[in-house]
Amino acid sequence: QVQLEESGGGSVQTGGSLRLSCAASGRTVSFPVMGWFRQAPGKEREFVAAITWSGSIADYADSVKGRFTISRDNAKNTVYLHMNSLKPEDTAVYYCAMAPNVVNIRAKNNYLNWGQGSQITVSS
């Protein structure tokens, strides 16, 4: 069993910054990939960023590239999403998740464990 606990959501004005954290517990060794997804009201859940625990792979959606950074602290089994230059279109519920392999890390169907979700609201 693996559990994910998210923290760090909140509200910010356009151009501001926030950091999300996702702490994993349990058999994390079986899930080498950690990803972040987001879902805005009325929209599909979409890929934001992903990273392997080894750090060998880090990938970003085009919409956040250059503004968001994903990082991990293996000692704490925690992955972070650093969000800068936030825009109103970044408003969504953000979810962290774990995948058992590195095949197609942008596909949400590959992820088997999900966090509870964190609301990010960016006002203009």
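Here the closest heavy-atom approach between residue Ile105 and residue Phe47 is recorded as O-CE1, 3.6 Å. Listed here is the closest heavy atom pair of Ala24 and Thr28: CB-CG2, 3.6 Å. For the residue pair Trp53 and Asp73, the shortest heavy atom distance occurs at CZ3-O, 4.4 Å.
By the 4.5 Å heavy-atom criterion applied to side chains, Pro100 and Leu112 are counted as neighbours. Between Val2 and Met98 there is a side-chain heavy-atom pair separated by less than 4.5 Å. At least one side-chain heavy atom of Tyr95 sits under 4.5 Å from a side-chain heavy atom of Glu6. Taking the side chain as every heavy atom from C-beta outward, Leu4 and Met34 approach each other to under 4.5 Å. For the pair Ser17/Met83, no side-chain contact is recorded, criterion being any heavy-atom separation below 4.5 Å from C-beta on. Taking the side chain as every heavy atom from C-beta outward, Ile51 and Val79 approach each other to under 4.5 Å. Between Lys108 and Trp114 the shortest side-chain heavy-atom distance falls below 4.5 Å.
We find that Asp62 and Lys65 are joined by a salt bridge, their nearest charged nitrogen and carboxylate oxygen being less than 4.0 Å apart.
In Gln13, the CD atom is not crowded: 12 or fewer heavy atoms of neighbouring residues, nucleotides or ligands sit closer than 6.0 Å. More than 12 heavy atoms of other residues, nucleotides or ligands shown are found within 6.0 angstrom of CD on Glu46. The environment of CD in Glu89 is crowded: more than 12 heavy-atom neighbours from other residues, nucleotides or ligands sit within 6.0 Å. Other residues, nucleotides and ligands contribute more than 12 heavy atoms inside 6.0 Å of the CD atom of Gln119.
Between the side chain of Asn110 and the backbone N or O of Asn104 there is at least one donor-acceptor pair closer than 3.5 Å. A side-chain donor-acceptor contact under 3.5 Å links Arg106 to the backbone of Tyr60. Side-chain N or O atoms of Arg38 include none that pairs as donor or acceptor with a backbone N or O of Val93 at under 3.5 Å. With hydrogens and angles disregarded, no donor-acceptor distance shorter than 3.5 Å links the side chain of Asp90 to the backbone of Ile120. Within the 3.5 Å criterion, the main-chain N or O of Ala97 finds no donor-acceptor partner in the side chain of Trp36. Checking side-chain atoms of Thr91 against main-chain N and O of Pro88 turns up a donor-acceptor pair under 3.5 Å. No donor-acceptor pair under 3.5 Å is formed between the side chain of Tyr111 and the backbone N or O of Val33. Judged by distance alone, with hydrogens and angles left aside, the side-chain atoms of Thr14 form a donor-acceptor pair with the main-chain N or O of Ser123 at under 3.5 Å. Between the Thr52 side chain and the Ile57 main chain, a donor and an acceptor come within less than 3.5 Å of each other.
Phe31 contributes atom CZ, which lies 4.5 Å from atom CG of Asn113 (distance to the nearest 0.5 angstrom).
A cation-pi arrangement is absent between Arg72 and Tyr80 under the rule of less than 6.0 angstrom and at most 45 degrees off the ring axis.
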